[in-house]
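In what follows, a structure is listed as structure tokens, so that the remarks can point back to it.
Bear in mind that the values here come from a model prediction, so they are computed numbers and not experimental data. Start at 1 and go down the list; that is how both ligands and their atoms are numbered.
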Amino acid sequence: MDKIVIKKSSSFLDKIKKFFSTTDFTEIESLEQTLLEADIDVDIVDSLMENLKNKKINNYNEAAEFLKEYFISELSNNTDTFDEFLNSFSVIMLVGINGSGKTTTAAKLAHFFRKTGKKILFIAGDTFRAAATQQLEIWAEKTDVEIIKGREGADPSSVIFDGLAHAKKGNYDLVIIDTAGRVHTKHNLMAEIEKIKRTVLKFINEKDLFCFLVIDANTGKN
Ligand SMILES: Nc1nc2c(ncn2[C@@H]2O[C@H](COP(=O)(O)OP(=O)(O)O)[C@@H](O)[C@H]2O)c(=O)[nH]1
Ligand SMILES: [Mg+2]
């Protein structure tokens with residue numbers, strides 16, 4: 001039997017580690033290059049380098065700690081402010097291409113807002129594949145959230161209409177709508193999402209609709 005050799009690639013972190021363990025900081029440009037090659041935004045790299053020059057960093061552990069804190073502060077989420085917006089009946093709609101993480105994000109959001117005591121309803125707006133609804137059903141069970149679904153191939157807007165009517169009647173605080181994956185070049189699917197939005201706006205004001213485009217963080221600057 002052939003041996004499977006897994007070659008360890010020189011990853012971003014390996015390069016960073018190497019830099020801080022072997023170089024003196026006069027060669028700081030090589031770090032800058034590593035960060036840029038890792039597709040980190042130029043402005044962020046500039047500001048990071050500026051910050052780094054003012055720090056006295058002696059070893060990799062200190063550098064790792066610094067980088068961690070730096071990126072956390074740069075990428076800090078605004079969930080507190082976000083929660084403030086969700087003070088009336090709100091709808092979160094997850095859109096994006098196939099496999100970007102919409103359904104998983106629906107579950108993460110449900111988990112997050114369940115902890116703040118909100119009564120949440122999922123609507124399975126991805127009627128394109130039966131498996132999509134099943135996937136959301138599993139998350140509904142795990143997060144202890146109710147789910148409204150339609151049959152496979154149903155018009156998503158009609159499922160969403162029924163779901164929102166149910167949510168209004170049942171005094172829900174938050175509805176999370178999972179939608180089918182779509183790319184912006186497919187006109188029929190873009191028309192479908194516009195129709196979905198119009199349907200949602202029959203039930204709520206625009207300020208209470210949060211339409212999130214879910215994108216893979218590995219996409220980089222693209
Ligand atoms: N590592 C990682 N995988 C994720 C994340 N979000 C989703 N996935 C995985 O990516 C795949 C597609 O996610 P899914 O939510 O089904 O995407 P959707 O097609 O947009 O609904 C699944 O295998 C998920 O487990 C994430 O934040 N990190
Ligand atoms: Mg999905």
Do other residues, nucleotides or ligands put more than 12 heavy atoms under 6.0 Å from the [atom1] atom of [X]?
X: Tyr172; atom1: OH; value: yes
X: His111; atom1: NE2; value: no
X: Lys102; atom1: NZ; value: yes

Within a distance of under 4.0 Å, is there any protein heavy atom near [atom]?
atom: atom 6 (N) of ligand 1; result: yes
atom: atom 23 (O) of ligand 1; result: no
atom: atom 3 (N) of ligand 1; result: no

Could you check atom 11 (C) of ligand 1 against the protein and tell me its nearest heavy-atom contact, residue, atom and distance included?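 Of the protein heavy atoms, Gly99 O, 4.5 Å lies nearest.
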
Give me the nearest non-hydrogen protein atom to atom 16 (O) of ligand 1 as residue plus atom name, then the distance to 0.1 Å.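 Checking every protein heavy atom, the shortest distance to atom 16 (O) of ligand 1 gives Gln135 NE2, 2.8 Å.
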
Whether [X] side chain and [Y] backbone form a donor-acceptor pair below 3.5 Å:
X: Ser157; Y: Thr199; answer: no
X: Asp173; Y: Lys119; answer: yes
X: Asn205; Y: Lys207; answer: no
X: Arg182; Y: Met190; answer: no

Shortest heavy-atom approach to atom 17 (O) of ligand 1 - which of Ala106, Gly101, Ala217, Gly96: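 Result: the heavy atom closest to atom 17 (O) of ligand 1 is in Gly101.
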
The Mg ion (ligand 2) to nearest N/O/S of Thr103 less than 2.8 Å: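 Of the N, O and S atoms in Thr103, at least one lies under 2.8 Å from the Mg ion (ligand 2), which means yes.
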
Atoms of ligand 1 less than 4.0 Å from [X] heavy atoms?
X: Lys108; answer: 26 (C), 27 (O)
X: Thr104; answer: 6 (N), 7 (C), 13 (O), 14 (P), 15 (O), 24 (C)
X: Thr103; answer: 15 (O), 21 (O)

Regarding ligand 1, does Thr105 bring an N or O atom to under 3.5 Å of one of the ligand's N or O atoms?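 It does not: no N or O of Thr105 is found under 3.5 Å from an N or O of ligand 1.
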
Angle between ring planes, Phe161 versus Phe203, binned at 30° and 60°: parallel, tilted or perpendicular?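 Perpendicular.
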
